[in-house]
Protein chains: 2
Amino acid sequence: MPTDHATKTPTIEPIRRDTRQRRAVRDALAHAKAFVSAQELHAALRETGDRIGLATVYRALADLAGDAEADVIQSDDGETRYRACDTDAHHHHVICRECGLTVEVQADTVERWLASVAAEHGFVEAEHTVNIFGMCAECARAR
Amino acid sequence: MPTDHATKTPTIEPIRRDTRQRRAVRDALAHAKAFVSAQELHAALRETGDRIGLATVYRALADLAGDAEADVIQSDDGETRYRACDTDAHHHHVICRECGLTVEVQADTVERWLASVAAEHGFVEAEHTVNIFGMCAECARAR
DNA sequence: TTAGGTGCAAAACCTTTGCACACAG
DNA sequence: CTGTGTGCAAAGGTTTTGCACCTAA
């Protein structure tokens, strides 16, 4: 039995309205193959002619993350970046430092190791973050 | 001069002066058992009567991190937190969500998995970050 | 002597919030 | 209708920077 993260859904799902802005953010995120920041997403939407406020983008992304519809990562330069989850299952990321290309990966072996390490040290309710950064094949070739 | 990242130690170690402030930051960090932010460290130093500027703390911590003398982590609330490395060897962390207690851990098995996953997807020059968050035995007991 | 370090305040950034108004349900 | 969502600008928080002065080497 793997560690339960949000095992029992609080049943009380927040009611979200289906607005044009919300759809735009969701779509833009779905089409991004890399982790993007709120500012970047906002700029991208504006370029396509979408009229949407920056605060709205922040709020929409925060909600998506809260609803587990998007993964979140803190970049080194202090930005919060989001990405639409490819899968609902627990997973990790391999991210290209150059272009941002991100691949989702999983491995029970590692999951078990992570859990056992936490237990060995007496830690309970353990969660974890695993991220692999490198240069993708294409960017490496372009060098 | 090859501009490679930090692959081969650049021999050209920056010359750092041994100042009172630098020592204070280094010491304070060494005595902290958890990851601390620049602001926290600054506040702590001031409380002990140390006269030191916030900007100086930021600069000192950035240098320590650059010299691989401190580990860095981005907290969820967007703060950059530092911790003196217990070991020079590559390692990961098990962090208590309550008190911040941090334990360094290593495991070749996982290292190999991380490397192979990156390779499988065609990524080169792969690095990674692994962090386990949980509640340490003591904090769990205190519940 | 002289280059790196320090302090302070200003500036730069990212993100959140208050509030009036718009609009989905 | 009602209450969530939106926009804008202001505010909040962290980190960086410009610049004159200090000081280790």
Side-chain angles (χ1 to χ4, degrees), chain A residues 10 12-29 32 34-67 69-83 100, chain B residues 10 12-29 32 34-67 69-83 100:
Chain A
I12 14 142
E13 276 182 47
I15 312 99
R16 311 258 190 238
R17 287 194 183 166
D18 183 31
T19 67
R20 171 180 62 76
Q21 294 89 334
R22 237 67 177 182
R23 265 191 305 275
V25 169
R26 198 198 288 283
D27 281 12
L29 197 61
F35 274 88
V36 294
S37 69
Q39 310 254 7
E40 289 170 349
L41 203 67
H42 179 244
L45 286 171
R46 287 245 149 163
E47 266 184 48
T48 69
D50 259 300
R51 272 178 281 77
I52 185 173
L54 177 58
T56 299
V57 175
Y58 271 104
R59 288 188 274 233
L61 287 173
D63 285 347
L64 286 175
D67 296 350
E69 285 195 58
D71 287 326
V72 188
I73 207 179
Q74 299 294 137
S75 72
D76 292 332
D77 58 311
E79 265 186 311
T80 303
R81 309 182 80 83
Y82 302 82
R83 182 167 187 277
Chain B
I12 12 139
E13 277 180 47
I15 310 100
R16 317 234 111 112
R17 288 192 184 169
D18 184 30
T19 67
R20 170 179 64 75
Q21 294 89 332
R22 237 66 178 183
R23 264 190 307 273
V25 169
R26 198 196 228 79
D27 283 13
L29 197 62
F35 275 87
V36 295
S37 69
Q39 308 257 6
E40 288 170 349
L41 203 68
H42 179 245
L45 287 171
R46 287 245 149 159
E47 265 185 47
T48 70
D50 259 300
R51 271 178 281 78
I52 185 173
L54 177 57
T56 299
V57 175
Y58 270 103
R59 288 188 274 233
L61 287 174
D63 285 347
L64 286 175
D67 297 349
E69 286 195 58
D71 286 327
V72 188
I73 206 177
Q74 299 294 136
S75 73
D76 291 332
D77 57 311
E79 263 186 312
T80 303
R81 309 182 81 83
Y82 301 83
R83 182 167 187 278

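The analysis underlying the following values was restricted to heavy atoms, covering all of them including side chains, and did not include hydrogens, waters or symmetry mates. Keep in mind the model is a prediction, meaning the values are calculated, not measured. All chains are named by letter (A, B, ...) in the order of the sequence lines, taking the proteins before the strands, and each is independently numbered beginning at 1.
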Checklist entry - Rounded to the nearest 0.5 Å, how far apart are CG of A:D27 and CG of A:D50? => result 9.5 Å
Checklist outcome for this item: To the nearest angstrom, the CZ-C1' distance between B:R81 and D:dG13 comes to 14 Å
Checklist entry - Can you check whether B:T19 has a side-chain N or O nearer than 4.0 Å to OP1 or OP2 of D:dT23? => result no
Checklist entry - How long is the line joining CD of A:Q74 and P of D:dT15, in whole Å? => result 12 Å
Checklist outcome for this item: A:L54 CG to C:dC14 C1', in whole Å, measures 9 Å
Item to check | Rounded distance [0.5 Å steps], OG in A:S75 versus CZ in A:F35 | outcome: 11.0 Å
Checklist entry - How would you label the contact of B:R23 with the nucleic acid (heavy atoms, under 4.0 Å): base, sugar-phosphate, or nothing? => result nothing
Checklist entry - What is the distance from CG of A:L41 to C1' of C:dC14, rounded to the nearest Å? => result 15 Å
Item to check | Chi angles and distances behind the side chain to side chain contact (heavy atoms under 4.5 Å, CB included) call for B:L29, B:L61 | outcome: CA-CA 9 Å; B:L29 197 62; B:L61 287 174; 4.1 Å; yes
Checklist entry - Between D:dG7 and A:T56, is there an OP1 or OP2 to side-chain N/O distance shorter than 4.0 Å? => result yes
Next on the checklist: Taking donor-acceptor contacts at under 3.5 Å, does the side chain of B:R17 reach the base of C:dG4?
Outcome noted: yes
Item to check | N or O in side chain of A:R20 less than 4.0 angstrom from D:dG7 OP1/OP2 | outcome: yes
Checklist entry - Under 4.0 angstrom, heavy atoms only, what part of the nucleic acid is B:R59 near: base, sugar-phosphate, or nothing? => result base
Checklist outcome for this item: Rounded to whole Å, CZ of A:R51 lies from C1' of C:dA22 at a distance of 13 Å
Next on the checklist: By nearest atom, which of the nucleotides D:dT14, D:dA25, C:dC14 is closest to the B:D18 side chain?
Outcome noted: D:dA25
Checklist entry - When you look at CZ of A:R20, are more than 12 heavy atoms from neighbouring residues, nucleotides or ligands closer to it than 6.0 Å? => result yes
Checklist entry - When all nucleic acid strands are considered with a 4.0 Å heavy-atom cut-off, which category describes B:T80: base, sugar-phosphate, or nothing? => result sugar-phosphate
Next on the checklist: Rounding to an integer number of Å, can you tell me how far A:H42 NE2 sits from C:dT16 P?
Outcome noted: 15 Å
Checklist entry - Would one find a side-chain N or O of A:Y58 under 4.0 angstrom from OP1 or OP2 of C:dT16? => result no
Checklist entry - With a 4.0 Å cut-off on heavy atoms, is A:R16 in touch with a base, just the backbone sugar-phosphate, or nothing at all? => result sugar-phosphate
Checklist entry - Starting at the 5' end of DNA chain D and moving along, which residue's nearest nucleotide shows up first, B:E79 or A:A60? => result A:A60
Checklist entry - Counting any heavy atom closer than 4.0 Å, what does A:D77 reach on the DNA or RNA strands: base, sugar-phosphate only, or nothing? => result nothing
Checklist outcome for this item: In terms of heavy-atom contacts, A:A28 and A:L41 come closest through CB-CD1, 3.6 Å
Checklist entry - Quick one: does A:I73's side chain get under 4.5 Å of A:R83's, heavy atoms only? => result no
Next on the checklist: Please confirm whether the shortest side-chain N or O distance from A:Q21 to OP1 or OP2 of D:dT6 is below 4.0 Å.
Outcome noted: yes
Next on the checklist: In this structure, how many angstroms lie between the P atom of D:dG7 and the CG atom of A:L45, rounded?
Outcome noted: 11 Å
Checklist entry - Tell me: CD of A:E40 to P of C:dC14, nearest whole Å? => result 10 Å
